[in-house]
Amino acid sequence: MDVLDEKTLSELAARVRAYPYPREMVVDVLRAIQERRGWVSDEGVELAAQLLRISPLEVEEVATFYDKIYRRPVGRKVIHLCDSVCCFSRGGEDILKHLEKRLQITLGQTTPDGMFTLLPTCCLGACGQAPAMSVNLRLYGHLTPEAVDRILEEERREVSP
Amino acid sequence: MPTLTIDGRTVSVPEGKTILEAAEAAGVRVPHFCWHRALGALGACRLCAVTVLDGPQKGVRMACLTPVQEGMRVSTLDESSWNMRRSVIEWLMANHPHDCPVCDEGGECQLQDMTVAGNHAVRRQRGRKRTFHNQDLGPFIEHEMNRCIACYRCVRTYRDYCGGDDFGVLGSRDRVYFGRFRPGRLLSPFSGNLVDVCPTGTLTDKTSRFRARPWDLEEASSVCPHCALGCAVIPGGRYRELLRVRADPRPQPNDGFLCDRGRFGYGYANRADRPRQARLEGRPGTLAEAVAALRERVEGIARQHGPEAVLLLGSARATVEANALLSLWARRLGAADPVFDLAARRDGAARIFARAAPALRATLADVRQADLTLVCGADPLAEGPLLALALRQAARRGAAVRVIDPRPVPLVCEAERLPLAPTLVPEALRFLAGGNGAGLSQEVLQPLAETKRLFDAARRPVVIGSAEGLGPDGVRALLALVAGASRPDRDAKAALLLPGPSSFACARLASAVPNAQDLRRRLGGGKIRAVVALEVDPLAEAPPAVTGVIEKAELFAALDYLPTATVGRANLFLPSAGPYEQDGAFCDFAGRLRAFARVLRPGTPILHTGKGNHPPRTFSPDVPGGDAAPAWEILAEILGISGGLSGARAEIEKAFSFLQGLAGLRADARDERVLPGGEPPAPPGAPAGPEPAGLRLLLSDPFVGWEPLSAHAAVLEVLRPEDAVYLNPAELARLGLAPGARARVEAQELSEIRVARAADLPPGLAWVVRRRGSALSRLPAGEVFACRVAREEGA
Ligand code: SF4
Ligand code: SF4
Ligand code: FES
Ligand code: FES
């Protein structure tokens with residue numbers, strides 16, 4: 001199966017059987033699906049619905065609510081730049097301008113080499129280190145243009161040294 | 001009861017009510033979007049801001065979320081809350097496309113009203129607007145997402161109230177989107193309620209798209225004619241064309257909701273092939289000629305051959321007045337009572353229920369408030385859809401729902417089902433009433449004992465059956481169960497689903513003497529020479545033994561507004577007015593008389609006379625196609641009763657004491673009058689014959705495809721079920737049928753080809769869902785027939 005490998009599928013199915021309310025597993029299932037290809041396709045939503053015995057719409061509601069579930073192809077690394085109030089008041093918008101300039105893309109886009117996707121996010125819970133962003137699951141705070149350049153460099157190197 | 005003042009008006013409301021509800025009671029209108037009487041408060045739109053001047057928490061509060069307190073002083077006119085409301089409206093309008101000129105909601109739009117009420121007149125926002133792509137939601141609902149204000153009423157209606165799972169809210173932030181996973185038809189049978197609850201033009205009625213402005217519509221308070229529940233509706237029409245049906249927002253009886261059959265099934269009235277002209281022996285004539293011919297010929301035949309030569313057929317879809325006048329005509333002729341239902345077993349069941357004590361008869365409100373509901377031998381979604389919705393409301397309040405039925409009865413709430421052969425259902429009811437369960441197997445008795453424990457513990461149980469599913473024996477058991485369970489501290493009630501909006505009154509008009517039951521005898525005697533069909537289609541609904549006699553009658557007269565097989569064959573035809581084209585009354589399944597008012601006069605829609613263009617400029621005093629008259633008016637004329645509807649009603653009240661009060665009913669006030677109970681008819685002398693051996697045929701109704709009016713509405717065709725025969729998987733295998741194979745089904749010398757399908761049924765049953773025009777569908781409802789199912793060779 002293209003959406004999930006057999007092993008993960010049967011593990012998830014076993015967990016579903018053990019849950020009194022399988023729908024509570026919807027985020028876990030979506031993340032498992034996202035793990036495989038980096039994003040969740042329509043077929044992925046339908047498979048999750050089938051597994052959890054809820055309608056595809058009910059899965060889609062959750063999938064589209066959480067901005068860390070991707071319903072479209074993304075780059076290898078997804079940058080989530082916080083645009084909530086603390087980061088905004090500590091220069092978040094300047095960081096956005098800098099990122100856009102460096103990556104030559106705007107919010108919602110992916111670099112032509114498929115490396116980075118740039119997305120906004122609401123509060124990352126790192127208000128004390130505002131402005132903040134995350135790259136995949138890694139959190140970065142106290143951002144400055146220089147720090148951003150360094151981070152991009154390191155993140156890029158991690159994939160292709 | 002806390003007492004408070006709102007804008008200087010003093011009002012007392014029960015503990016736990018909110019400021020918004022108190023304001024409604026005090027006659028102060030607080031602007032709001034997301035609060036809805038039937039859906040409750042959510043706090044999503046922030047429009048209902050009011051200022052609490054005195055109370056535990058002073059300042060600007062959401063009226064829909066703030067409970068009232070003794071001595072509170074509230075102002076809606078205070079500057080701070082007034083400013084807040086103005087800002088909220090301005091924000092909500094920031095992304096609105098300002099397309100009111102091409103919006104069907106325009107003129108009855110809450111967003112327009114609130115924009116004016118909020119004093120928002122000048123746009124200050126300069127940026128780009130957020131926009132969405134719309135979805136095709138199927139033939140009933142038009143989607144225009146840019147008009148959405150995110151009040152969540154639609155989702156709460158579709159998902160919470162109606163139990164659908166294919167429409168919801170997607171996305172987050174300012175991009176929340178109300179729609180489906182993929183474009184496509186909304187699958188809930190209650191999808192049309194989205195049109196009524198959406199306060200903007202986001203979700204509108206596609207069937208009447210761009211046809212009329214609300215202020216151009218002729219509207220009136222009416223009663224839905226598509227089943228026996230009698231939902232309160234407000235149909236609207238223009239240029240002699242019925243254009244839409246909306247729910248009356250008042251809470252009773254249907255809580256402001258309708259099913260899609262009742263809402264979108266109105267197309268029968270506008271059909272181009274609707275019979276609108278009287279016909280005498282194949283020759284077109286005027287209605288007056290036809291009325292005179294009907295009286296002369298029926299009276300002539302009665303004189304010459306005796307009154308037993310006259311067979312009058314009443315109907316569940318004709319008004320109470322028309323059916324009562326038909327009964328009166330039978331009396332005057334000295335003929336037998338009209339036959340109101342051609343299916344003897346169903347008729348017998350209805351006649352028993354129609355004489356039950358009023359206190360035992362459940363209304364939709366009783367079902368919504370029940371703490372336990374049993375559905376026995378009934379398919380609410382097909383036979384009375386809003387009852388299925390009422391069951392869901394009971395379930396949402398915590399009531400258990402148990403189903404005892406051979407079929408996998410679909411509901412819109414969780415239910416536990418006990419599959420039982422149709423003939424055993426009455427026995428199960430007797431067991432619940434304390435019987436010994438003779439004839440029931442151990443594996444049935446065990447879950448049944450559990451249900452009995454629930455029933456005995458419930459304080460407001462409602463037991464639901466259908467006349468067709470239970471038959472006379474089952475209805476007696478049903479009534480005995482609830483009568484035995486009612487005590488001062490405990491209200492047990494029964495509901496019986498009946499075939500049409502006048503069924504209850506018809507069952508009461510039918511004397512205690514069996515009439516449908518002895519129809520066979522009357523037909524067999526070879527004496528029938530005149531048949532009058534009042535808005536009924538015996539040729540599609542009765543088996544050949546009956547239709548053969550009817551077709552051969554010297555006089556075969558039909559009154560109708562549908563292009564039925566009967567109308568096609570009749571040698572005397574009188575065009576009658578449809579239910580929304582007359583004043584009259586129906587009588588709902590709980591035996592309440594309910595008056596309705598005329599919406600439109602009958603006549604060929606200008607859409608047809610003008611063939612889509614301006615109608616021809618010919619001048620005449622008559623309305624084209626406007627000859628049709630209400631059936632009661634035609635019958636009053638025949639009986640020589642003058643004085644219009646009130647004259648007819650006065651005569652009816654004199655002749656039938658149980659219809660007292662009919663004349664005083666007002667449609668716009670939604671008056672109702674409960675029919676009294678009566679002496680139940682004696683059980684039939686001869687016991688029911690032995691069960692046929694082998695495979696038995698079980699027929700039942702679909703949501704759409706059998707009920708006569710909606711079966712003539714083209715837009716509902718997508719909802720017609722497949723022509724299938726359902727068997728349990730073992731039975732399918734035994735007959736050598738693969739699911740999807742073509743199978744010939746034969747019973748009572750009628751046969752047709754259907755697609756074989758597997759279903760969760762007890763063994764020995766072949767289940768067929770009726771369709772108008774299908775051969776097997778002519779078998780009388782509620783009876784069990786021996787049948788044969790075999791593979792059909794060839795293509
Ligand atoms: S579609 Fe209508 S009912 Fe639904 S949230 Fe939008 S405005 Fe409210
Ligand atoms: S439930 Fe019956 S009365 Fe109510 S809208 Fe549907 S068809 Fe009409
Ligand atoms: S506001 Fe940016 S992390 Fe909280
Ligand atoms: S009506 Fe109170 S917040 Fe919407």
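Naming convention: chains lettered A, B, ... in sequence-line order (proteins, then strands); numbering from 1 in each chain.
- Residue-environment remark: CD (A/Gln50) stays at or below the threshold of 12 foreign heavy atoms within 6.0 Å.
- Put simply, the side chain of A/Glu58 does not reach to within 4.5 Å of the side chain of B/Phe181, judged on heavy atoms.
- Heavy atoms of other residues, nucleotides or ligands lying less than 6.0 angstrom from CZ of A/Phe65 number 12 at most.
- When all heavy atoms of A/Asp83 and B/Arg173 are compared, the pair lying nearest together is OD2-NH2, 3.0 Å.
- Heavy-atom neighbours of A/Arg76 CZ from other residues, nucleotides or ligands within 6.0 Å: at or below the threshold of 12.
- With chain B as the partner, the residue from A/Asp42, A/Asp67, A/Ile54 showing the most heavy-atom pairs under 4.5 Å is A/Asp42.
- Other residues, nucleotides and ligands place no more than 12 heavy atoms under 6.0 Å from the CZ atom of A/Arg31.
- For the residue pair B/Asp166 and A/Leu57, the shortest heavy atom distance occurs at C-CD2, 3.8 Å.
- Only the backbone of B/Phe167 comes within less than 4.5 Å of a heavy atom of chain A; no side-chain atom from C-beta onward does.
- When the shell of 6.0 Å around CD of A/Glu35 is examined, it contains 12 or fewer heavy atoms from other residues, nucleotides or ligands.
- The environment of CZ in A/Arg90 is sparse: at most 12 heavy-atom neighbours from other residues, nucleotides or ligands sit within 6.0 Å.
- With a threshold of 4.5 angstrom between heavy atoms, B/Arg175 does not approach chain A through any atom at all.
- Under a 4.0 Å N-O distance rule, the pair B/Arg182/A/Glu60 does not qualify as a salt bridge.
- Neither the backbone nor the side chain of A/Val59 comes within less than 4.5 Å of any heavy atom of chain B.
- With chain A as partner, the option from B/Gly179, B/Ser172, B/Gly171 having the largest number of non-hydrogen pairs under 4.5 angstrom is B/Gly171.
- A 6.0 Å sphere centred on CD of B/Glu722 holds more than 12 heavy atoms belonging to other residues, nucleotides or ligands.
- Under a 3.5 Å cut-off, the side chain of A/Ser55 and the backbone N or O of B/Asp165 do form a donor-acceptor pair.
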